[in-house]
Protein chains: 2
Amino acid sequence: MALRHAVLAALLDGEYSGYQLAKIFDLSVSNFWHAVPQQLYSELSRLETQGLISGRQVIQHDRPNKRVYTVTRAGIDELERFASTPAKPGTIRENILVMVQAVDHISADAVIAQLEERARMSAAKVELFERMLVRLRGDLDEHTFLRSATPIGPYLTCLRGRRFEQEHHEWFTSTARLLRARAGAHAEGGEAS
Amino acid sequence: MALRHAVLAALLDGEYSGYQLAKIFDLSVSNFWHAVPQQLYSELSRLETQGLISGRQVIQHDRPNKRVYTVTRAGIDELERFASTPAKPGTIRENILVMVQAVDHISADAVIAQLEERARMSAAKVELFERMLVRLRGDLDEHTFLRSATPIGPYLTCLRGRRFEQEHHEWFTSTARLLRARAGAHAEGGEAS
DNA sequence: TGATACATGTAACCGGTTACATGATTGT
DNA sequence: ACAATCATGTAACCGGTTACATGTATCA
């Protein structure tokens, strides 16, 4: 099993509904686990019947009611067990890397366009992470925060997320530039011969 | 579908059997797609019945016979179509990030141990990528190679893979160090009070 | 003779994705 | 009235994972 623990870990941070959790997972901070809303709704039900989280109805007047969840003692124990069994390396699945791998055999233009689009996306994501980090550390400078503030977990994973997107961005841009340059050089070579 | 294109892209590089492909995917260069051997065997059969790859039996005397595959014209066309439809951002699934996210609520020791283990693993992987890069560019220096050598796709994805592992390594080490320091500081604080 | 690497397969299961459905409430 | 956001759910399907099974050839 898998999503289980990611949901538990995300819920440690506060009381959230499925809908709120979906945003946390998908929109901004899917820095450690990817999931679509449907998965979260079903996972939350399952976790509740297993007693790892407990839900409570929140009546709202300005918008539909919702059900928010908190991690139970049993949930924490489950996370503890999880953290004490060896973590297998995560799975990478990047379609755009597949495209670049094949770039010698297919139209480079298509690949370059995708790289540029993804470069824009990751630049935006870097900014999101940046703002998230500032929000998390409040008025402390990073060094002080890291030394002793709590909670530190979400900050640390956010740092990884930011770096990941930064590197992605750099690779997207430099790869796009390189492929463009090579396309240009070939064209010139073709003209000359 | 998903694995499909990763297998096609990997096969562009030469004729491989399921077994060889499994090594390419799993051991060293799973830098763009993760897959276990079983998936490859079944994917190869499927791709062959669909005419995207063609297999041929290779009789061996020193070891069991094998069936090796090459990408067909139809296979290239499929990749071309693939590369011209928008690539959705890849999915990240890192158990160890989940553990770190939860570190404020569970035993930090377990998490630190995992980080140190993973740091060792990624250091090893960086070296693999390093050697792979040297092998791919042969006797050319990187600049020259990047400017005009072919194929360039596998080299570019390998560069991304190496960087990814480097950053992973750095994050594992620095995070482990930080959590250790905080544990130490708490212990001292506890003694003092 | 027993371990290791090579080589491939079937079948069951589970986790993840997509499609579809429903309904409240606020603002335009 | 209509769109947008909030809120949750069911059901079908497909892709990915694990368990199990089988056999060849080399080397210690």
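So you know, we letter chains A, B, ... as the sequences are listed, proteins then strands, and number each from 1. As the structure is a prediction and not an experimental result, all values here were calculated from the model.
Across the protein-nucleic acid pair, B:E48 atom CD and C:dT8 atom C1' stand 13 Å apart, rounded to whole Å. Between B:I59 atom CD1 and C:dA7 atom P there is a gap of 12 Å when expressed in whole angstrom units. For the pair A:D62 CG and D:dC6 C1', the computed distance is 10 Å after rounding to whole Å. Here D:dT8 presents its P atom at 12 Å from CZ of A:R63, a figure rounded to the nearest Å. As a whole-Å value, the separation of A:W33 CH2 from C:dG16 C1' is 11 Å. Remark: C1' of C:dG9 and CG of B:N65 are 16 Å apart, rounded to the nearest angstrom. Rounded to an integer number of Å, the gap from CD of B:E43 to C1' of D:dC14 is 12 Å. B:H5 places its NE2 atom 12 Å from the P atom of D:dG16, with the value rounded to the nearest Å.
B:R93 contributes a side-chain N or O that, together with a main-chain N or O of A:H34, makes up a donor-acceptor pair within less than 3.5 Å.
Close to C:dG9, at under 4.0 Å from its OP1 or OP2, lies no side-chain N or O of B:Y41. Side-chain N/O atoms of A:S17 include none lying less than 4.0 angstrom from OP1 or OP2 on D:dC6. The side chain of A:Q20 contributes no N or O atom lying less than 4.0 Å from OP1 or OP2 of D:dC6. Contact between the side-chain N/O atoms of B:K23 and the OP1/OP2 oxygens of C:dC6 is found at a separation under 4.0 Å. Contact between the side-chain N/O atoms of A:H34 and the OP1/OP2 oxygens of C:dG16 is not found at any separation under 4.0 Å. Contact check, A:K66 against C:dT25: no side-chain N or O comes under 4.0 Å of OP1 or OP2. Contact check, A:Y19 against D:dC6: a side-chain N or O comes under 4.0 Å of OP1 or OP2.
Under the 4.5 Å side-chain contact rule for hydrophobic residues, B:W171 and A:L146 share a cluster. The hydrophobic clustering, which links ILVMFWY residues whose side-chain heavy atoms are closer than 4.5 Å, places B:V7 and B:V68 apart. Side-chain heavy atoms closer than 4.5 Å link hydrophobic residues (I, L, V, M, F, W, Y) into clusters, and following such links, possibly through other members, connects A:I96 to A:L178.
Judged by distance alone, the side chains of B:E15 and B:T70 never bring a donor and an acceptor atom under 3.5 Å apart.
Between the side chain of A:Q39 and the base of C:dG15, no donor-acceptor pair of N or O atoms lies under 3.5 Å. Side-chain atoms of A:Q38 stay outside donor-acceptor range of the base of C:dG16, with no qualifying N/O pair under 3.5 Å.
Each of B:R67 and B:R93 was assigned the nucleotide of DNA chain C with the nearest heavy atom; the assignment lying further toward the 5' end belongs to B:R67. Looking at which nucleotide of DNA chain C each of B:Y69 and B:K88 is closest to, the 5′-most match is held by B:Y69.
In this structure, B:D77 does not pair ionically with B:R81, as no charged nitrogen and carboxylate oxygen lie closer than 4.0 Å.
Residue A:S42 is out of contact with every strand shown, counting any heavy-atom pair closer than 4.0 Å.
Closest to the side chain of A:A2, out of C:dG16, D:dG16, C:dT18, is C:dG16.
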